[in-house]
Amino acid sequence: MLGADELVINMGPQHPSTHGVLRVKLKLDGERVIGSECIIGYLHRGVEKIAENRTYQQFAPYVDRMDYVAAVSSGLGYCEAVEKLLVTEAPPRARVIRTILTELQRIASHLLWLGTHALDIGALTPLFYCFREREEILKIFEKYCGARLTTHAFRIGGLQYEAYDTFEKEVERFCKDFESRIVEYETLLTQNRIWIGRTKGVGILTAADAIAFGVTGPVLRASGVKWDIRKAAPYAAYDQYKFEIPVGTTGDTYDRYLVRMEEMRQSRLICLQAIENIPTGPIMAKVGKVLKPPPGEVYHAIEAPKGEIGYYIVSDGTVMPYRVHIRPPSFINLQAFDRMVRGHLVADVVAIIGTIDIVLGEVDR
Amino acid sequence: MMQALFQATIEFLKLYWAPLLCGVAIVAILPLIVGYIVLVERKLMADMQARLGPMRVGPHGLLQPIADAVKLLIKEDIIPDNADKLVFWLAPVLSVGAALLSIAGLAIGPAFQIAQDINIGILFVVGVSALGIFGIVLGGWASNSHYSLMGALRSSAQLVSYETAAGMALVSALLFTGTLNIKSIVQAQSNEGIWFVMLAPVAFFTYLVASIAETNRAPFDLPEAESELVAGYMTEFSGFRWSLYFLAEYANMIVVASVATTLFLGGWLRPFASVHGRPHLLNFLDFVPTFLMAAVGAYCIARAPKQPTRVQQLFMLAVAGLCNVVGLALLAPVVVSIAKPFYAGVHGGFWFIFKVSLYIYFFMWLRFTIPRYRFDQLMRLGWHFLIPLSIINVLFVGIALIAGSYFHLQGWGLLLVTTPAAVITLCAALLILAAEKGRDKRQEPNAASDFYAG
Amino acid sequence: MLDKVLFYFFASIAVASAALMVTRRNVVHGAIFLITALLATAGIFLQLRAEFLFIVQIILYVGGIMVLFVFVIMLVNLDVALQQIQFARQKWVALFVALALAGQVGLMFWSSGKMPGQGLPVLTAAAATSLPPNSEEVAKSLFSSYLLPFEIASVLLLVAMIGAVVMAKKRV
């Protein structure tokens, strides 16, 4: 047993820390991981095939169910992709409200990530604080579109629902309270010796490796690559607002933690800027009831909380798409797991799975 | 022969009926006490996590421990295939037995000690509680699961490593007393007029950290954590067997808290106990227990009208009444002259339980606040930092004592020599930490190597 | 009277545990019975008013050495050893040694003229309550009359510890 040769351990698919039905096979040499294999597909639901048998509007709710933690972002990506196919644009008011809701969703997704990641590493309390804030955001979503989790908030061409009366006031109140809450989380974790000991130097991904693997999102930015689609190819109303892109240096778990904390702050700033000046006007562009985009193909990507989510839609001129392919950020990011986990101890595996921030609904589709 | 045996039993009972009765009472009541400590922990955890905790079972969740106990007792007893039945039965028994036996050596107040006046008091408590390690190791082995065994071996390796540091910390404090007898230790703190935590703060800190590791509490609870790959040693034990392990863990917490209280925090002494009896300004501290109880009672009365249901209102008033009755009982030995002889017992008991509660509260507070250490970081902390620190501390406390006796220092005067000793030890600790950090930097693992090499 | 009963109680446990320990097939059971034998011996120390030896026996032997035994048993694969026949070659040597020891013990009892339990010949007996605390006595003798053996023993332990660390270190 001691000093024996390689041992293969199976982790999951039922495991408290794999954040879904992920199965990981670890090859160990004593305590060190020398190889790993992620076995996915436990949550495959054939979403892309279903898309070929639904009209464009009918397919929109399916998109929420992939990354069920950040449904609003996925919805935004899909609606904008179809709008590109239709060569239309949502009106300015719709774009600004979309931006506000998407940034709130980014904060909510990062809060869930923070709570569960801290819980995996052993800090019991941040989970409850994060969920307290997430609850406020979900209340706003519920008041807006009736659903908390799988929101279907946007429609192709704009929005269906007008922002409710107290929308701006509530978003403003949330953003004003949120700064002190982020300080609360940071007090518990950022300078904590044990937290630093568990996350610094763990799961290092160099910039070259990150680009080679096609990793996007906070994982890429923590490795030192300053790439954010909101700045590189702005969509919705992002070109109107001033915000920073946090970038890390070493690409370890601690850097990814710092990058996501800063992203929450920046999202809050975007929301505050946006609600000061929501343009008036229509919320829905002039698209017909029956959508028949001209034949062609489009790839549209946005910056979801987990990375770049891309929609490749091929239209053949009928009401149903010919092919929809979704580029899920978690799926691509998970490929870097093997690179990140080699040479670490078994106890770090859980931390590394948490730091990539995967949602199996998105990985498996 | 039977006659002789019978006579010997009668003789034994006549001598030791009181401790025996106390022992039986403790074994009967301790599970209940532990259950309520768990309830307090859950309520505390909830409070620190912005929620309420158990509220449904009984008013404010007060019957929750009873519900949990009943549930555990009626659970199906599952024994894994191919498990060694004798050892599977024995392991939790060993854990609980060791924990409960070490409680027998503790003195809760000057009037209450089950095993009266053992010469080796502290050593007995520490040594017998160390027998609990077997409960863990044998439990992991008997589960017939590779992961349980590794978890058990890790847990016991952790316990053994931190035992040395804890023992050395205790030795530093024992240098001031010259005896292992628990009552004499507290008496020595009363004679000096100063608690040993002030004379040996580094030892207290070391014992605090080591005792957290000894009881497998966060942040040293990796062997027990659910989110780790290697399942803990308790995994295969269900129902009553698991509750025995649980009871052993909390009883161990009570034991280490009591040892720390006895040695460092003045046992059952009130702060500034040496001025008791003489007219002195600080004797207002005699009224502090009553004041605390009255404050709790007043708080309950204030909150009673705000309770949602009638039952809960009446309940709050009942709790308030209980607190006030206890407060009056604590007041009596101070003011009423016929009750004065009971002062030592009653107030001693209160202060001891108060200090033990503070220590355990600190354990719980730490559990909810900080993440847990990885196993290698845990072992490194124990071997590379705590053990050298505690050995250096013993050395310098010894030197300080010799200097103290040379200059005929006593009581608070000893602070003159022990504070420099503590400062030097702290500098040594910082040096050790810096050396560790330097060693870590030199051994930094290289970043991921060539893509195609993996 | 109570003394006698306690002595026989602990002694019988010690003998029975020792006998069970050497006859068990399962090594962990053997270790458990060794633990009980050591605990019973500690009980005898306590009954002889040597409380320091009692607790040191528990802390060192049971809490230290037996934990080490149990660790090694669990980490080493013992299935191979269990298959071998236990009492193969040493039967006759063991019998001879056991008879020799029994003869010596019997000779000792016969020459003292007392039965077990009636007390071995002691030079000067003292009442139990007038004995000084055992810890102090042990400490006094360790640091005065037996100082040299004590220091040599500690140096030996240090050498053993260093040797163990050196041998177990991984060659980098």
Side-chain angles (χ1 to χ4, degrees), chain B residues 1 3-16 84 86-87 90-91 94 98 101-102 105 115 117-134 136-138 140-142 146 149-150 152-153 156-157 159-160 163-164 167 174 178-181 184 383 443, chain C residues 1-9 20 24-36 38-39 42 45-46 49-76 78 117 131-139 161 165 172:
Chain B
M1 223 261 287
Q3 181 72 329
L5 211 65
F6 186 62
Q7 255 192 318
T9 321
I10 298 286
E11 193 182 318
F12 181 76
L13 284 175
K14 264 205 286 216
L15 274 177
Y16 299 113
D84 191 330
L86 168 68
V87 182
L90 187 66
L94 271 179
L101 197 55
S102 52
D117 259 344
I118 324 180
N119 262 329
I120 45 163
I122 286 282
L123 206 54
F124 175 78
V125 172
V126 169
V128 170
S129 69
L131 288 180
I133 296 182
F134 284 111
I136 297 176
V137 177
L138 292 174
W141 182 82
H146 178 75
L149 184 59
M150 296 310 283
L153 289 176
S156 36
L159 257 58
V160 160
E163 236 169 47
T164 317
L174 287 172
T179 167
L180 291 164
N181 189 336
S184 309
W383 287 98
Q443 283 187 9
Chain C
M1 188 56 227
L2 187 57
D3 273 355
K4 257 201 203 137
V5 169
L6 278 178
F7 170 75
Y8 278 117
F9 174 66
L20 281 171
R24 294 298 99 197
R25 280 220 162 258
N26 187 330
V27 195
V28 174
H29 288 179
I32 294 178
F33 286 120
L34 181 55
I35 293 174
T36 42
L38 290 170
L39 285 175
F45 281 140
L46 188 61
R49 312 291 191 277
E51 69 264 7
F52 186 69
L53 282 178
F54 154 74
I55 197 62
V56 164
Q57 169 95 348
I58 290 186
I59 294 182
L60 291 183
Y61 256 113
V62 184
I65 295 180
M66 284 314 297
V67 170
L68 188 63
F69 271 36
V70 168
F71 264 44
V72 171
I73 291 174
M74 291 179 183
L75 288 174
V76 170
L78 290 166
L131 286 173
N134 191 234
S135 330
E136 287 185 24
E137 289 301 301
V138 171
M161 239 189 335
V165 168
V172 177

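Keep in mind it's a predicted model, so treat the numbers as computed, not measured. Reminder, nothing fancy here: chain letters follow the sequence lines and each chain counts from 1.
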Return the option, out of [options], with the maximum number of heavy-atom pairs under 4.5 Å with chain C.
options: B/Leu15, B/Ile133, B/Leu94, B/Val137; answer: B/Val137
options: B/Leu180, B/Leu138, B/Thr9; answer: B/Leu138
options: B/Leu153, B/Leu90, B/Asn181, B/Val126; answer: B/Leu153

CD on C/Glu51 to CG on B/Asn119, rounded to 0.5 Å: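 It comes to 4.5 Å.
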Leading residue by heavy atom contact count with chain B [cutoff under 4.5 Å; candidates C/Ile35, C/Leu39, C/Val28]: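 Most heavy-atom pairs within the cutoff with chain B belong to C/Val28.
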Throw together a table of side-chain donor-acceptor distances under 3.5 angstrom for residues 52-71 of chain C, partners on residues two or more places apart or in other chains.
{"unit_1": "C/Gln57", "atom_1": "NE2", "unit_2": "C/Leu38", "atom_2": "O", "d": "3.3"}

For [X], is it the side chain, the backbone, both or neither that has a heavy atom under 4.5 Å from a heavy atom of chain C?
X: B/Phe134; result: side chain
X: B/Ser156; result: both
X: B/Asp84; result: side chain

All side-chain contact (heavy atoms from CB on, under 4.5 Å) counterparts of B/Ala98, not counting sequence neighbours: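 Testing B/Ala98 for side-chain contact (heavy atoms from CB on, under 4.5 Å), a comparison that skips the adjacent residues, returns B/Leu131.
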Minimal non-hydrogen separation, B/Leu86 against C/His29, with atom names: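 Shortest heavy-atom separation between B/Leu86 and C/His29 comes out as CD2-NE2, 4.0 Å.
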